[in-house]
Amino acid sequence: MRHLLSTADLDRDSAVTILDVAEQMSVTQQREIKKLPTLRGRTVVNLFFEDSTRTRISFEAAAKRLSADVINFSARGSSVSKGESLKDTALTLEAMGADAVVVRHPASGAPHRLAVSGWTRGCVVNAGDGTHEHPTQALLDAFTLRRHLVGEPGTDLAGLRVVLVGDVLHSRVARSGVRLLNTLGAHVTLVAPPTLLPVGVGTWPCATSYDLDAALQGEHGRVDAVMMLRVQRERMNAAYFPSAREYSRRYGLDARRLGMLPERAVVMHPGPMNRGLEISAQAADCPRSTIVEQVSNGVSVRMAVLYLLLSGERSAPPDRAPTPGLTVSAGRTARDLTAGGAR
Ligand code: ASP
């Protein structure tokens, strides 16, 4: 694999490899000096055509902690049409010698277009495209789940039950998450009002429900994690529910619903949160919430992805070969990822 565009690119072994490398990256992030020399001399471009706080900062921190040079490009406000803008920008970045392009774009498929276009020779990492995919979010969520509920590196999420709640229709986090969690052996139940479930959700590898209370009470089995999704008003061009109050009453995670969860279950949200709408302040800030931890885990996971994509032998001329800064355990290397997980 040259690029990370979708969680469909990952089989079980390559996903577990990324989580394992992220685990090692996270150990290095506990040290006083957090920087590794691994990607010295490489250039990572953050190409953001859509707003972002966590993801952009997280990719920037990840690249910098691996000693890559980072160029941040925010295309907000461009008057050029989306396709041309992407092409022109990509050609400019190519001229600057980007080894990896981390792209967020409001149009679903934009990172794929960039990857197949030949406009850049760099690896393309999808940092969220429209309502389509957000693979590194799914990986950091899986990493967080494994840490809390499984504990063992080298393992997947077999048997875990995750309830994903809210605006599935507009959520790239849900699309990437359902696929990756399924690849890793977890069982997912999507809970949403019928208006916020996409057409064709019946073909997704998960169960669906309109009843949050029933799902939390174990309609489909004991719940290990509840993942709340943001209500994405900026993508809504119609009324998808009668009122915010009604949504919150039926699909919000509040203190009463927290009380329905088994003791070890965790509460997750990718951020940004609409406090008081899909999640109450009490739920967001409760001890079983992993929301802040998800953000720090994001840096380790993105370090792993950049490391595995960029330190492969594929395109690295000898004079740009990475300085060894990290030992990948169990003989697993970037090649495992590039070979789709084959060992
Ligand atoms: N931050 C996530 C995304 O970019 C989730 C969200 O915006 O609700 O998709």
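Keep in mind it's a predicted model, so treat the numbers as computed, not measured. Read the numbers this way: they start at 1 and go in the same order the structure lists the ligands and their atoms.
- Side-chain N or O atoms of D9 include one that pairs as donor or acceptor with a backbone N or O of S6 at under 3.5 Å.
- Atom numbering of ligand 1 starts at 1 in the shown order; those under 4.0 Å from a heavy atom of Q232 are 8 (O).
- For the side-chain contact (heavy atoms from CB on, under 4.5 Å) test, residues two or more places apart in sequence or in another chain that qualify with A215 are V163, V191, E219.
- R121 has a carboxylate O that lies under 4.0 Å from a charged side-chain N of E94, or vice versa, which qualifies the two as a salt bridge.
- Considering backbone and side-chain N/O of R172, one or more are found under 3.5 Å from N/O of ligand 1.
- For atom 2 (C) of ligand 1, the closest heavy atom belonging to the protein is G271 O, 3.6 Å.
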Could you pull out every donor-acceptor pair under 3.5 Å between side chains of residues 122-130 and any protein atom, sequence neighbours left out?
from: N126; atom 1: OD1; to: G128; atom 2: N; distance (Å): 2.7
from: N126; atom 1: OD1; to: D129; atom 2: N; distance (Å): 3.4
from: N126; atom 1: ND2; to: L5; atom 2: O; distance (Å): 2.9
from: N126; atom 1: ND2; to: D129; atom 2: OD1; distance (Å): 2.9
from: D129; atom 1: OD1; to: H132; atom 2: ND1; distance (Å): 3.4
from: D129; atom 1: OD1; to: E133; atom 2: N; distance (Å): 2.9
from: D129; atom 1: OD2; to: G109; atom 2: N; distance (Å): 2.7
from: D129; atom 1: OD2; to: H132; atom 2: ND1; distance (Å): 2.8

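- The nearest heavy-atom contact from the protein to atom 7 (O) of ligand 1 is R230 NH2, 3.0 Å.
- Heavy atoms of P272 come nearer than 4.0 angstrom to ligand 1 in at least one pair.
- With a 4.0 Å heavy-atom cut-off, ligand 1 is reached by the side chain of R104 but not by its N, CA, C or O.
- Close approach of ligand 1 to V173 (heavy-atom distance below 4.0 Å) involves ligand atoms 2 (C), 5 (C), 9 (O).
- Cation-pi geometry between R302 and F59 is met: the NZ or CZ atom falls under 6.0 Å from the ring centre, inside 45° of the normal.
- Using a 4.0 Å cut-off between heavy atoms, Q137 makes no contact with ligand 1 at all.
- Looking at Q294 and R54, their side chains never come closer than 4.5 Å, going by heavy atoms from C-beta outward.
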